Amino acid sequence: MKKTAVSLFLCAAALLSGCASTGNQALASADQAAIDQHLVKGKTTKADVLAYLGPANSVSTSSAAAGETWVYVYASSQAKGATFIPVVGLFAGGATGNSKVLSVSFDQQGVVSRYSFSSSNTDTRLGAPSTTTTN
């Protein structure tokens, strides 16, 4: 009976673990190889990028000699199941996350002149705050 109760509790905790994402969903599964396949300097146009990724999160123009820069951002976070277990969550809880940023610069003709892609993972843990003492 105890094993069944524990199993049900752990399943419920797993189902309750939250997941959230924001930004450009097309970047959710993207990696450097996928970006390199879709963006070719001197060839890919604004229309191609728009068809692949949709509207940018931000658009900027610099000088009259340069074109535009489109920036795409994606971030996701998922709470660890242990976060929702009383007491245990204080020590083993937290969240994992991932963020991605793609910056695409176009020349005056609307063709990709350069781009950069970065991806980072995070692991946030809960717990008692650290204390420091100064003498």
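Note that this is a predicted model, so its numbers are computed, not measured.
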**Report entry** Value rounded to 0.5 Å, distance of OH in Y74 from CG in N24
**Finding:** 10.0 Å
Query raised in the report: Would you say F106 and F117 are hydrophobically clustered, going by side-chain heavy atoms of ILVMFWY under 4.5 Å?
Result: yes
Report summary line: Rounded to the nearest 0.5 angstrom, the OH-OG distance for Y72 and S58 is 10.0 Å
Less than 3.5 Å apart, which donor and acceptor atoms pair up between the side chains of residues 49-57 and the rest of the protein, not counting sequence neighbours?
{"residue": "N57", "atom": "OD1", "partner": "V73", "partner atom": "N", "Å": "2.8"}

Requested in this report: Could I get the full list of side-chain hydrogen bond (donor to acceptor under 3.5 Å, both in side chains) partners for S120, not counting sequence neighbours?
Outcome: S99
Acceptor/donor pairs from residues 27-34 side chains to any protein atom, 3.5 angstrom cut, sequence neighbours excluded:
{"residue": "D31", "atom": "OD1", "partner": "A33", "partner atom": "N", "Å": "3.4"}
{"residue": "D31", "atom": "OD1", "partner": "A34", "partner atom": "N", "Å": "2.9"}
{"residue": "Q32", "atom": "NE2", "partner": "D36", "partner atom": "OD1", "Å": "2.9"}

Requested in this report: Supply the atom-to-atom distance D107 CG to K41 NZ, rounded to the nearest 0.5 angstrom.
Outcome: 13.0 Å
Query raised in the report: Partners of S76 by side-chain hydrogen bond (donor to acceptor under 3.5 Å, both in side chains), sequence neighbours excluded?
Result: none
Requested in this report: Might you point out which heavy atoms bring E68 and T61 nearest each other, and give the distance in Å?
Outcome: CG-CG2, 3.4 Å
Requested in this report: Sequence neighbours left out, what passes side-chain hydrogen bond (donor to acceptor under 3.5 Å, both in side chains) with S60? Give chain and number order.
Outcome: none
Query raised in the report: Which pair of heavy atoms, one from L39 and one from Y115, lies closest together, and at what distance?
Result: O-OH, 3.4 Å
Report task. Only counting residues at least two apart or in another chain, list the ones meeting side-chain hydrogen bond (donor to acceptor under 3.5 Å, both in side chains) with S105. Result -> T69
Report summary line: Minimal heavy-atom distance between K100 and S119, with the atoms involved, is CG-OG, 3.7 Å
